[in-house]
Each structure stands twice: as C-alpha cells, then as structure tokens.
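First the structure, in the form of structure tokens, and then the observations on it.
Since the model is a prediction, treat every value here as computed from it, not as a measurement. Lettering of chains follows the sequences in order, A, B, ..., and the numbering in each one begins at 1.
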Number of protein chains: 2
Amino acid sequence: MTEKELNLKTAALEKISHLDYFNIAISVDCVIFGYENKELKVLLIKSDLEEFSGLYSLLGDLVRPDEDLESASYRVLAERTGLEDVYLEQVHTFGSIARHPSGRVITTAYYSLIDITHHKLQLNHNDLHWHAVNDIKKLAFDHKLILNTCLKRLRDQIMENPVAFNLLQDKFSLRELQEVYEAILDTKLDRRNFRKKIALKDWLQDLNEMETNLSHRPGKLYALKQQFKITGAGTMAE
Amino acid sequence: MTEKELNLKTAALEKISHLDYFNIAISVDCVIFGYENKELKVLLIKSDLEEFSGLYSLLGDLVRPDEDLESASYRVLAERTGLEDVYLEQVHTFGSIARHPSGRVITTAYYSLIDITHHKLQLNHNDLHWHAVNDIKKLAFDHKLILNTCLKRLRDQIMENPVAFNLLQDKFSLRELQEVYEAILDTKLDRRNFRKKIALKDWLQDLNEMETNLSHRPGKLYALKQQFKITGAGTMAE
DNA sequence: ACATAATATGTACTTACGACACATTAATTT
DNA sequence: AAATTAATGTGTCGTAAGTACATATTATGT
C-alpha cells in the first residue's frame, strides 16, 4: 500500500470513527407471527430491563459487526424458534433518540410467519410466550408501534403475495385458510367470495385428499404450489 | 508521518472498529427525485471516496447521536436543497457487511419528491447535479440498488397516494400531471383512461384557470386539494 | 334412516379497467 | 377572415373483478 493510499484510508476511517458516531448501536427486532386457535399470535419475551419489568417485548438482538442485517434477524429467529427456512421481511427502521432507555439504539424491524406447530420444543425454558395479537395492550420500548407497523404490512401483503400460508401446515383445507385470513385481518369473510379470490390467484394445488377425524363433512386438502414456497426470504438482494 | 506509523494507525483504527457493537455507524441516504423536461431525475453528488472516483452517489450523511433517523434525512435534504416542507418516506435499510469500503456502515434509505423549480439556487457550488434516472448506469457504493428500491416504491405509491404532485408546481394541467406519471412509470398512458382514474381519486381542485403562453389550445389548471398536501411527512409517527 | 354440521358451488349487480375516435378550442399562418 | 395547427376534452363498449346472497351435497354420529 502506498503512503497516499494509506493516508486516504486513514482519513476515511477517522471520518467515520469519530467517537460520537459510534455511540449508536443497531439492533434487529423480529415480529414473529404464528396462528393457533383461530387467532393470530406473536412471540414475545419478558423484558429483562428494570424500566419495563412486567412488560413483554419483541425478540431482538444487537447486530454483530460481522453479520449483515438480514443475517442478524435470521439468527434471532433461529436462536428463538429453531427454525431456519422461514419467511422474513424487513418492514421499517425505528430510530427515535429516546426509544431505548439504556442508550441510543436504532432498530430494524422484520416480520416473520411461522407454522406454530413446528417449534413447540425450544421455547419452554425461556420466558417466551405466544400472545394473541388482539390482546396486546402495552409492550416494552416502542414495540407496540413496531408490532402495529408489521401487522399493517402483513395485512397489506396477504392478498398480494402468498405469504399467509407460512402460518399453516403443508396441507390445509380452504376453511383453515380462510380462518387464517380472518385472523390476520380481524374480520369475517364471505366463504364463496374468498374462495373465488383465492382460486383466481392460482396459488393452490389440489392434493386430492380430504380432511380426516372430523365429525362432519370433510373438506378437500390443498397445498401451496411449490413455486411459491418461502416467498420473501432473500427477496431484497443486497 | 511515516508509512510504518500510518500502518499502525490504520491497524489501530480497524481494530477499534471491530471491537464492539458500537463500531457500526449508521447513515441515511436520500433519493431525491425531481422532474424536468418530461424526465424523472435524481439529485446526485460526485463521490469523494477514492474507491469510487468518477462515480456519483446519493446524498447522505451519518446520523448524529442526538438526532433521530427522520430528522437526519430532513437535515440532509435541507442542507442540500434548502427545502424544508417536503415529502419524505423511509423505504429500506441496507446493511450488508461490505457495502461501505471504509468500514461498517448501515444506511437507511429515504426517498423524497421535490419541485425542481424551487431550489435552483443552492446546488451550484457543490458537485451536485440532477441526473435522468433512466440514464444512470452505475453509482458508488450500493446506491444503484438503493435507487432502484426507492424507484420501485415510488411507482407503487403514485396510484395509491397523491404523492407525485410534489414534483409539480402548485398549479398544473392534466397533461403535465400525466407526463409526470409517464416519467415515473416510464411508460405511455392513455389520456382518457388516465383522466378517469385521477378523477375517481378526487384529489384535484379545479382552479377555473387556464394555461397561458401556449401556441395551441390551453388546458385547465388544477391544484392538489389542500387536505392532501405534503402527504407522507410524519406518516410513520414514532 | 335421520339429524348434524359442515363443504361446495352460481347468479345478479355493480364497479373498475383497457382499448379506442371524434368534436372542440385557442393561437398562428395565409 | 378563413384555414391550419396542435393540442384539449370527452363517451362507449367489452371484459374482469368485487360484493351480496341461498341451496344442494356429503361424511359422520346417533
């Protein structure tokens, strides 16, 4: 390296390493949605901060210097749920000065949709719990705002992209699918119109199987067509 | 300073910047769109980094410890264009490890729409220039990706929300408005269908004035209804 | 066999979208 | 004054999608 190159590099490093600018930390927070008992749920953890004792917060962590933002959120997700191949989408970055009581922390929010039946194991030991989204009144930090923002994004997405399916098991009936949509949108839908709309999207594969173990007429089972699975992961290539 | 000293200093700075979580810097980058000569333009500055000599980059700056993210982007905008009350929307945060050659810098991208005729003064002294979006092949850093992402967002927005109007002066004809839409979408639109669609939105106020100084039949002038002005600023309350 | 509790499906109405053509107007030229 | 120019302003028809709404069908359990 020539002296000139070194000088340039040094100047550049000095510019960004000016002490003040490194007093900002960056984190990711994951809004992990699940679905159970006809309710949309979100995975929360008891806050470990004094200021927020008794409150729950989203799952997050500081971003490590050697991992990119998306990797950090996948890591948080994997650490907490054990799941690897999941739908994950960046939503918004929250950077108010006073949003974290211990210092300046800017956080990037991701939302994720997982099949709640596939991770039952991991979460017992921690203070992790599923909470019905509709029951959540108050969260630590600005996490209620983050949750609302992600929920809005989710609601905007589900009719555009086949993402809601990530909340369900591989095989599902149209009734189950409709119930998922109703839970996400927090509204009742007309069955005939819902089916027409879904049929139009051409997302589903008819499995030629029926539901079992019901005390009434079983419905046909469907699966999301292979080409649409795990949408969103890696969508925003960097 | 000898080369040895420089090497030591560089090494020290590099070491520091990998020590802990506060060694990630955060910046904002603004994609400032304007409209002129029936073309969508974006405000760029000559990159000051050796690695990108000859290339242009977006307008950005490090976020100060005492300002929130949105303030930082408004500050960048005001510093560069002198404009204060502008449409500004957060789009995405880019956090690849190697996206900045001098160190770890995570950046949050905002896009902004301004009336190009209202800021002609400020930008001469710097290396600031308006570039036709369609002509841009390569930018410094990952700024081409950021530009593309913001352009996509802009395109998604304009039929939903009355944001394109921020590119025009207060009074405009439907032809001018259509040309703005055509520039943004990079496509031709049918005049009758476009007008129907806009009429349906009920965004416009008929000013009962006509264009002047044309060598042909003048069109009526319209303004965006007051209630829709400066949409987006502060939309995402924190 | 019957009752149950759900699935599966179609029609009529309305609204939005896309393609498309002609009359009108102000300014300019002859 | 008349004709030309170059644009504005507007309507229809066919198609696709959205919404409201009711009846026949089918496994199961009794």
Side-chain angles (χ1 to χ4, degrees), chain A residues 35 37-38 155-162 164-165 168-224, chain B residues 35 37-38 155-162 164-165 168-224:
Chain A
Y35 170 77
N37 290 331
K38 306 191 185 185
R155 286 176 174 166
D156 288 343
Q157 284 282 328
I158 57 172
M159 289 318 295
E160 307 299 319
N161 297 317
F165 301 87
L168 284 173
Q169 292 165 282
D170 278 355
K171 301 177 179 185
F172 50 85
S173 68
L174 288 176
R175 172 182 41 79
E176 290 174 306
L177 183 62
Q178 180 174 343
E179 284 166 356
V180 165
Y181 271 77
E182 289 177 340
I184 293 173
L185 299 172
D186 195 25
T187 183
K188 278 279 161 205
L189 298 173
D190 179 83
R191 183 151 41 99
R192 288 158 292 185
N193 294 337
F194 176 76
R195 283 162 188 242
K196 256 190 299 183
K197 231 165 154 174
I198 293 294
L200 214 54
K201 306 283 183 194
D202 203 32
W203 288 335
L204 298 189
Q205 180 156 37
D206 187 337
L207 293 176
N208 293 313
E209 292 178 63
M210 305 296 269
E211 288 180 292
T212 50
N213 292 349
L214 296 175
S215 65
H216 56 77
R217 177 179 176 179
K220 294 172 85 168
L221 289 177
Y222 294 84
L224 181 63
Chain B
Y35 170 76
N37 291 329
K38 307 192 183 181
R155 286 176 174 166
D156 288 342
Q157 284 282 326
I158 56 174
M159 290 318 297
E160 307 299 320
N161 297 318
F165 301 86
L168 285 172
Q169 291 164 283
D170 278 356
K171 302 177 180 185
F172 51 84
S173 67
L174 288 176
R175 172 181 42 78
E176 290 174 306
L177 183 63
Q178 180 174 342
E179 283 166 356
V180 166
Y181 271 78
E182 289 176 340
I184 293 173
L185 299 172
D186 194 26
T187 182
K188 279 281 160 202
L189 298 173
D190 179 83
R191 183 153 41 102
R192 289 157 290 187
N193 293 337
F194 176 76
R195 283 162 187 241
K196 257 188 300 182
K197 230 163 153 176
I198 294 294
L200 214 54
K201 306 282 183 194
D202 203 32
W203 289 334
L204 298 188
Q205 179 156 38
D206 187 337
L207 293 175
N208 292 313
E209 292 178 64
M210 305 295 269
E211 289 180 290
T212 51
N213 293 347
L214 296 175
S215 65
H216 56 76
R217 176 178 179 180
K220 294 172 85 169
L221 290 177
Y222 295 84
L224 182 63

(message) Could you tell me how far apart K188(B) (NZ) and dA19(C) (C1') are, to the nearest whole angstrom?
(response) 17 Å

(request) Kindly give the heavy-atom pair with the smallest separation between D190(A) and Q178(A), and that separation in Å. (result) C-NE2, 4.1 Å

(message) Counting the benzene-type ring for Trp, do Y181(A) and F194(A) have ring centres under 6.0 Å apart?
(response) yes

(message) So R195(A), base contact, sugar-phosphate only, or nothing? Heavy-atom distance under 4.0 Å.
(response) base

Restricting to nitrogen or oxygen on both sides, can you table the protein-nucleotides 11-18 of chain D pairs closer than 3.5 Å?
{"residue": "dT12(D)", "atom": "O4", "partner": "K196(B)", "partner atom": "NZ", "Å": "3.0"}

For residues 200-207 of chain A, which side-chain donor-acceptor pairs fall under 3.5 Å, sequence neighbours excluded?
{"residue": "K201(A)", "atom": "NZ", "partner": "M159(A)", "partner atom": "O", "Å": "2.8"}
{"residue": "D202(A)", "atom": "OD1", "partner": "K225(A)", "partner atom": "NZ", "Å": "3.2"}
{"residue": "D202(A)", "atom": "OD2", "partner": "K225(A)", "partner atom": "NZ", "Å": "3.3"}
{"residue": "D206(A)", "atom": "OD1", "partner": "N208(A)", "partner atom": "N", "Å": "2.8"}
{"residue": "D206(A)", "atom": "OD2", "partner": "K220(A)", "partner atom": "NZ", "Å": "2.8"}

(request) To the nearest Å, give me how far apart CD (Q178(B)) and P (dG18(C)) are. (result) 13 Å

(message) Let me confirm one number: the CD1-CD distance from I184(A) to Q157(A), rounded to the nearest 0.5 Å.
(response) 11.0 Å

(request) Give the rounded distance in Å between these two atoms: CG of L214(A) and C1' of dT28(D). (result) 10 Å

(message) As a quick check of understanding, evaluate side chain to side chain contact (heavy atoms under 4.5 Å, CB included) for R195(A) and I198(A), giving each step before the final call.
(response) CA-CA 5 Å; R195(A) 283 162 188 242; I198(A) 293 294; 5.8 Å; no

(request) Find the distance between CG (L168(B)) and OH (Y222(B)) and round it off to the nearest 0.5 Å. (result) 14.5 Å

(message) Rounded to whole Å, please give me the gap between CE in M210(B) and P in dT8(D).
(response) 11 Å

(message) In this structure, how many angstroms lie between the C1' atom of dT15(C) and the NZ atom of K201(B), rounded?
(response) 13 Å

(request) Whole angstrom is fine here: how far is it from CD1 in I198(B) over to C1' in dT10(D)? (result) 16 Å

(request) In whole angstrom, give the distance that lies between atom CG of D206(B) and atom C1' of dG9(D). (result) 13 Å

(message) For a quick test of reading the model, state the closest non-hydrogen atom pair linking L221(B) to S173(B) and the distance between them.
(response) CD2-N, 3.8 Å

(request) Please round to the nearest 0.5 Å and tell me the distance separating atom CG of L189(B) and atom CZ of R191(B). (result) 12.0 Å

(message) Quick test of your reading of the model: are E211(A) and R175(A) salt-bridged, counting only N-O distances below 4.0 Å?
(response) yes

(message) Using whole Å, what does the distance between atom C1' of nucleotide dG9(D) and atom NZ of K220(B) come to?
(response) 9 Å

Got a list of protein N/O to nucleotides 23-26 of chain D N/O distances below 3.5 Å?
{"residue": "dT25(D)", "atom": "O2", "partner": "R217(A)", "partner atom": "NH1", "Å": "2.5"}
{"residue": "dT26(D)", "atom": "O4'", "partner": "R217(A)", "partner atom": "NE", "Å": "3.4"}
{"residue": "dT26(D)", "atom": "O4'", "partner": "R217(A)", "partner atom": "NH1", "Å": "3.4"}

